[in-house]
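Below you'll find the structure, written out as structure tokens, and then a few comments.
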Amino acid sequence: MQMSTDFLLIGQGICGTWLSYYLQRAGYSFLIIDEPQKSSASKVAAGIVNPVTGRRIVKTWMIDEVMPFIANAYNDFGNEFGIEAISKKDIVDFFPSAQMRLAFLDRYSEDHSYLSLPNDEQKWRDQFNYELGFGMIQPTWLVNLQEILPVYRKHLAANNFLVEDRFELQQLQLKANHIQYRELKASQIIFCDGIASASNPFFTKLPFAPNKGEVLWIEMADFPKENIFKNGINLVPWKDDIYWVGSSYEWEFENDLPTEGFRDRISATLKRWLKPSFKILDHQASVRPATLERRPFVGFHPVHESVGIFNGMGTKGCSLAPWLANGFVNHIKTKSRIQPEVDIKRFTRILSKQ
Ligand SMILES: Cc1cc2nc3c(=O)[nH]c(=O)nc-3n(C[C@H](O)[C@H](O)[C@H](O)COP(=O)(O)OP(=O)(O)OC[C@H]3O[C@@H](n4cnc5c(N)ncnc54)[C@H](O)[C@@H]3O)c2cc1C
């Protein structure tokens, strides 16, 4: 039986979630095909929206615009689905070295936005071993991915917007003004399939730079839950007495599996840093769909206009996905410009080569 829809989306990570959310709000129909994977990037991510980045602690790209937008977007989402989708968890940034302390103080003296210094440097002596003090990064938001993804998936399934299956590219046919996938006819297909897009023949020429990250989940009783704590690695309150600890950033790796080396190294770091004892509950790894120039890939293929991509969020999926999804849907609806730094039209020449 032939079915038809406006958009076929591949993948329900944070990208497929937000893109379909805004498509639905704009009145479009869609179907998502997603093959559940335990360790997709969105399932392994902490959910941090950090307004500053890098060794020089500079502002994250577009953050002044993105931060207020996403606070509203996640709150609306949470109200609609009955969850707390986002919460404020400012980062307590313990300085891991004298250079990092200096970098923070230098940056703070140039620009106070998102940074502050504590009144009481002794505040965390009962919980942590630290020598060089700490600064605060605020506001920092924590996105509740562990509830957002399943609650939205339930909504998709209840409305027949989801097929839990592996998408097979060989079954895709491009027709003059639409695409055909098995019995489904759609005006356009948009790939939101994370790192899988890096080996999709339509998009292999895009400069993806896959980046592996490993994470531990630990359990600790009676430990503070109001902040994210940072000391080279992040310690993030997850739920109940469970904390997310990570992560690594590896540009070269053999596979996407957790390694003993990471577990041993982080476990030793935690033993030095934390005063209470902890128990390791889980250990996972995933690959971030990062890009060489650290900007996402959004838009329709310059040659195959019925094929689109919403991807390349790198380390910033939680903040960039809602903001860029809204912009992408506006583009679809009104032909408004996609943010030029992320529009895949910037790769028209290489994408047009046979
Ligand atoms: C360790 C780690 C920590 C991170 N921490 C943060 C953080 O704190 N804050 C932040 O903003 N970002 C963080 N990130 C980055 C963030 O995870 C990514 O930017 C984001 O999750 C990418 O989302 P996505 O939807 O593009 O991809 P994914 O989450 O990978 O989703 C892709 C989906 O497509 C499905 N799929 C793939 N191929 C197929 C197929 N053939 N058929 C059907 N379905 C398919 C997959 O199963 C998956 O559900 C972190 C990443 C890692 C690895």
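Computation of the quantities below employed the complete heavy-atom set of this structure, encompassing side-chain atoms and omitting hydrogens, waters and symmetry-equivalent molecules. Counting starts at 1 for both ligands and their atoms, following the listed order.
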Item to check | Location of contacts on Ala46 toward ligand 1, heavy atoms closer than 4.0 Å | outcome: both

Checklist entry - Taking the six-membered ring for Trp, are Trp273 and Phe128 parallel (under 30°), tilted (30 to 60°) or perpendicular (over 60°)? => result tilted

Item to check | Ion pair Glu110/Arg107, N-O distance below 4.0 Å | outcome: yes

Checklist entry - If you measure only the distance, is there a donor-acceptor pair under 3.5 Å linking the side chains of Ser197 and Asn311? => result yes

Next on the checklist: Going by the closest heavy atom to atom 39 (C) of ligand 1, which one wins out of Asp193, Ile195, Val236, Leu145?
Outcome noted: Asp193

Checklist outcome for this item: Honestly, for Thr315 the part within reach of ligand 1 (heavy atoms, under 4.0 Å) is backbone

Checklist entry - Does Val49 approach ligand 1 within less than 4.0 angstrom via side chain, backbone, both or neither, non-hydrogen atoms only? => result neither

Checklist entry - Quick one: do Asp126 and Lys275 make a salt bridge, cutoff under 4.0 Å? => result no

Item to check | Side chains of Ser116 and Tyr108, donor plus acceptor under 3.5 Å | outcome: no

Item to check | Check: Tyr21 ring centre within less than 6.0 Å of Phe77 ring centre | outcome: yes

Checklist entry - Against heavy atoms of Gly11, which atoms of ligand 1 measure under 4.0 Å? => result 33 (C), 34 (O), 35 (C)

Item to check | Asp34 neighbourhood, listing ligand 1 atoms whose heavy-atom distance to it stays under 4.0 Å | outcome: 33 (C), 34 (O), 35 (C), 43 (C), 44 (N), 46 (C), 47 (O), 48 (C), 49 (O)

Item to check | Cationic N near anionic O, under 4.0 Å, Asp241 to Lys225 | outcome: yes

Checklist entry - Has ligand 1 got any nitrogen or oxygen that is less than 3.5 angstrom from a nitrogen or oxygen of Glu214? => result no

Checklist outcome for this item: Ranking Gly317, Ser319, Gly13, Ala45 by closest non-hydrogen atom to atom 14 (N) of ligand 1, top hit is Ala45

Checklist entry - If you measure from each non-hydrogen atom of Trp244 to ligand 1, which part falls under 4.0 Å: side chain, backbone, both or neither? => result side chain

Next on the checklist: Could you identify the single nearest non-hydrogen protein atom to atom 11 (O) of ligand 1 and state the distance to 0.1 Å?
Outcome noted: Cys318 N, 2.9 Å

Next on the checklist: For the residue pair Arg288 / Ser247, report whether a side-chain donor-acceptor contact shorter than 3.5 Å exists.
Outcome noted: yes

Item to check | Distance-only polar pair, side chains of Gln188 and Ser306, donor-acceptor under 3.5 Å | outcome: no

Next on the checklist: With heavy-atom distances below 4.0 Å as the criterion, list the atoms of ligand 1 near Cys15.
Outcome noted: 24 (P), 25 (O), 26 (O)

Checklist entry - Under 4.0 angstrom from ligand 1, any heavy atom of Phe191? => result no

Checklist entry - Quick check: does any side chain N or O of Lys333 sit under 3.5 Å from a backbone N or O of Ala26, one acting as donor and the other as acceptor? => result yes

Checklist outcome for this item: min-distance protein heavy atom vs atom 22 (C) of ligand 1 -> Pro289 CG, 3.9 Å

Item to check | Centroid-centroid distance, Phe191 to Phe167, less than 6.0 Å | outcome: yes

Next on the checklist: Please list the nearest protein heavy atom to atom 17 (O) of ligand 1 with its residue and the distance rounded to 0.1 Å.
Outcome noted: Ala41 O, 3.2 Å

Checklist outcome for this item: Numbered in order shown, the ligand 1 atoms found under 4.0 Å of a heavy atom of Ile48 are 7 (C), 8 (O), 9 (N), 10 (C), 11 (O)

Checklist entry - side chain to side chain donor-acceptor pair (under 3.5 Å) between Thr53 and Thr60: does it pass, once the steps are laid out? => result CA-CA 6 Å; Thr53 186; Thr60 304; 5.0 Å; no

Checklist entry - Any salt bridge between Asp193 and Arg166, counting N to O under 4.0 Å? => result no

Checklist entry - So is there a nitrogen or oxygen of Arg288 less than 3.5 Å from a nitrogen or oxygen in ligand 1? => result no

Next on the checklist: Within ligand 1, which atoms have a heavy atom of Gly47 less than 4.0 Å away?
Outcome noted: 7 (C), 8 (O), 9 (N)

Checklist outcome for this item: Under 4.0 Å between heavy atoms, the region of Lys316 that gets near ligand 1 turns out to be backbone

Checklist entry - Do the charged groups of Glu293 and Arg346 touch, with an N to O distance under 4.0 Å? => result yes

Checklist entry - Which residue holds the protein heavy atom closest to atom 1 (C) of ligand 1, what is that atom called, and what is the gap in Å? => result Val215 CG2, 3.4 Å

Checklist entry - What do you reckon, does Ala196 have a nitrogen or oxygen under 3.5 Å from a nitrogen or oxygen of ligand 1? => result no

Next on the checklist: Please determine whether a side-chain nitrogen of the Lys or Arg among Arg153 and Glu164 lies less than 4.0 Å from a carboxylate oxygen of the Asp or Glu.
Outcome noted: yes

Next on the checklist: If the cut-off is 4.0 Å to any non-hydrogen atom of Gly314, which atoms of ligand 1 fall inside it?
Outcome noted: 15 (C), 16 (C), 18 (C), 19 (O)

Checklist entry - How far is atom 27 (O) of ligand 1 from its nearest protein heavy atom, and which residue and atom is that? => result Gly194 CA, 3.4 Å

Next on the checklist: Show me which atoms of ligand 1 lie under 4.0 Å from any heavy atom of Phe167.
Outcome noted: 40 (C), 41 (N), 42 (N), 43 (C)

Next on the checklist: Geometry only, no angles: is Ser42 polar-contacting ligand 1 at N/O separations under 3.5 Å?
Outcome noted: yes

Next on the checklist: Taking only non-hydrogen atoms of Asp165, do any sit less than 4.0 angstrom from ligand 1?
Outcome noted: yes

Checklist entry - Is ligand 1 less than 4.0 angstrom away from at least one heavy atom of Cys192? => result yes

Checklist entry - Are Tyr152 and Trp18 close enough that their ring centers fall under 6.0 Å? => result no

Item to check | Contact (N/O only, under 3.5 Å) between Val287 and ligand 1 | outcome: no

Checklist entry - Any idea which protein heavy atom is nearest atom 44 (N) of ligand 1, and the distance to it? => result Glu35 N, 2.9 Å

Item to check | Under 4.0 Å to a heavy atom of Val44 - the qualifying atoms of ligand 1, by number | outcome: 1 (C)

Checklist entry - In terms of ring plane angle, is the pair Phe223 and Tyr243 parallel, tilted or perpendicular, where the classes change at 30° and 60°? => result perpendicular

